[in-house]
Amino acid sequence: MEERMTSERTVAGFGRSLKTEEMVLSMGPQHPSTHGVLRLELVVDGEIVVDVIPHLGYLHRCFEKHCEHMTSYQQVIPYADRMDYVAAMSNEFGYVVAMEKLLKIKVPERVEYIRVIMAEFSRIVSHLIAVGTYGMDIGAVTPFLFCMRDRERVLDIFEQTCGARLLYNYMWIGGLSHDVQPNFAEKVRSFCTYFRPKLKELNDLLSYNKIFIDRTANVGVLPADVALNYAVSGPTLRGSGVRWDVRKNDPYSIYPTLDFEIPVGTGAMGTVGDCWDRYMVRVKEMEQSVNILEQAIEKLPPGDVQAALPKRIRPDAGDLYVRTETPKGELGYYLVSDGTASPFRVKVKSPCFVNLSALPAMARGSMIADVVAILGSIDIVLGEVDR
Amino acid sequence: MAGWASNNKWSLFGAMRSAAQIISYEIPVALCLLAAVMVTGTFDMQQINQMQEGGIFHWLVFQKFPFLFLAMIMYFIGSLAEVNRTPFDIPEAESELVAGYHTEYGGMRFALLFLSEYANMFVVAAIASTLFLGGWTSPFGDFLSGPWWGVFWFLSKGMLIVFVQMWLRWTLPRLRVDQLMEVGWKVLIPFSFVVVLGVGFWVMAVR
């Protein structure tokens, strides 16, 4: 660090050489576009970024350690909500899938369908925030307001179902906390018909805007091999053209019975793996999520929403790792049970943390304004990076 | 100056960008104004305004078509950059530089900086309406004209341009600093020279 801060270079061209020095710029933790309390240490040469060093931990709240001190496995779920707080349903989904595998129980089919519907809703919510705030990072405010308006529709459905708008504690081990309301199917259908034209509106306003394309195409290119070496996942990986989605490649729940596509980056506006590709993958994924919603709501079977479970859950001693596809990428739970009623160890592999590690590789050599664009295109949530 | 004085790296960036931007956009703006001056033959704003009396088709925007129309458009784009409005608001680029040169200012000092920004917006709009949109004259010739109507027309023309500025500000994303320079030097300046030359030859030929 010290070495870099004092490094000097000489610039020729004025008859005599000039000594220049790089400047260290501390971006965050209080900065409008670090999406939370992330601190980036930028080493800049004028407007050019020489190096980026992310500093994490401002939002660390010992999630994994807390889990070990719970009195039951069920109590982990509200904490899991608070990791990726814009897509809390997806976090719960991963945890309950892992727990049910650990307990070797099967949940009623209705539960699986409702869970998938909720997970896809949370994907839409999360991508709306990602796309909206991305527009704001680039400087456009209206797309953000449009996205928030559409997100409100989904939150209303969530609120009607489980009473909460952000942190739900809805999916329980072996089932759900409540069944859905009688008008749920109708609400989901009306959302689907409402949302498709709004996506087109978003594309017209932002995605194909000349200035937006200028700012994002060919910026922050992440080639497929680099992406794989950093083990990034989710839209960040698919933006680089790698067709990898846990829902297809390592299916769980009822995803194999549903028909949907995995959009990947094609380099339509520039290079494969640039910011525009990552952005567009999210927009297309929202379209696919609407497809999944429509199919799942058609097939939604009647029945119970809670599997028969002992009052006190004590899984056999053992461990397992389960991964699911959250909006941000591959969320993995590694659970270790020692046969008691509380977990021995809960390790979370968070997609945001891994995706953020690729930021320096993408941002070196770009401009300060590009760092903001690249960070926005990774779509991190600090609650999940730090846990 | 305010940015340099506040000893903050973000403000420094804002101030440097602001200086670069004003230098590169001052030229096309001045050239566009020069085109209007060449048509009227005077620098006196009152005379320029009086020459546009007599309805909407006497306004300078519609004279020497399309040169002065282009000049008006380019003046508007350049003035957006001059007063730091989106898509050219990189000196204060909220999501990049926090707030640019006024990052470290609060309370009344911040209010003064910001009020001056908004005053600037109206100033460039007022210049545009005086030079190109007939200033205080009514668009309908003698109908609805007079001293009070003059105040009304002048303010409403200025506010219309301010409205368009705000409209763009909420709709468009922001350019990057190098793209901004490209627009300024590679597009606006050559075109404003074309406009000045075109108007110049036209005026010469008519005389």
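Proteins get letters first, then strands, A, B, ... in listed order; numbering begins at 1 in each.
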Please indicate whether B:Phe191 has more than 12 foreign heavy atoms, meaning atoms of other residues, nucleotides or ligands, lying under 6.0 Å from its CZ. no
A:Phe195 CZ: over 12 foreign heavy atoms closer than 6.0 Å: yes
Whether over 12 other heavy atoms sit under 6.0 Å from A:Tyr58 OH: yes
Roughly how far, to the nearest 0.5 Å, is NZ of A:Lys210 from CG of B:Leu175? 9.0 Å
A quick test of your reading: do over 12 heavy atoms of other residues, nucleotides or ligands sit less than 6.0 Å from CD of A:Glu201? yes
Starting at CG of A:Leu206, measure out to OG1 of B:Thr171 and round the result to the nearest 0.5 Å. 11.5 Å
Part of A:Asp214 within contact of chain B (heavy atom distance under 4.5 Å): both
In chain order, what residues pass the ring-ring contact (aromatic ring centres under 6.0 Å, His included) check against B:Phe152, with sequence neighbours excluded? B:Trp149
Nearest heavy-atom contact between A:Asn209 and B:Pro173 is ND2-CD, 3.5 Å
Can you tell me if CZ on B:Phe114 sees more than 12 non-hydrogen neighbours from other groups inside 6.0 Å? yes
Between A:Leu205 and chain B, with a heavy-atom cut-off of 4.5 Å, which part of the residue counts as in contact: side chain, backbone, both or neither? side chain
Cut-off 4.5 Å, heavy atoms of chain B, and the answer for A:Val371 is neither
Rounded to the nearest 0.5 Å, what's the gap from CD1 on A:Ile48 to CG on B:Asp178? Could you check? 8.0 Å
Suppose we screen for ring-ring contact (aromatic ring centres under 6.0 Å, His included). Which residues come up paired with B:Trp167, at least two apart in sequence or across chains? B:Phe163
Given the options A:Val44, A:Thr142, A:Leu25, A:Leu145, which has more heavy-atom pairs under 4.5 Å with chain B than any of the others? A:Leu25
From A:Ile138 atom CD1 to B:Arg176 atom CZ, the distance as rounded to the nearest 0.5 Å: 9.5 Å
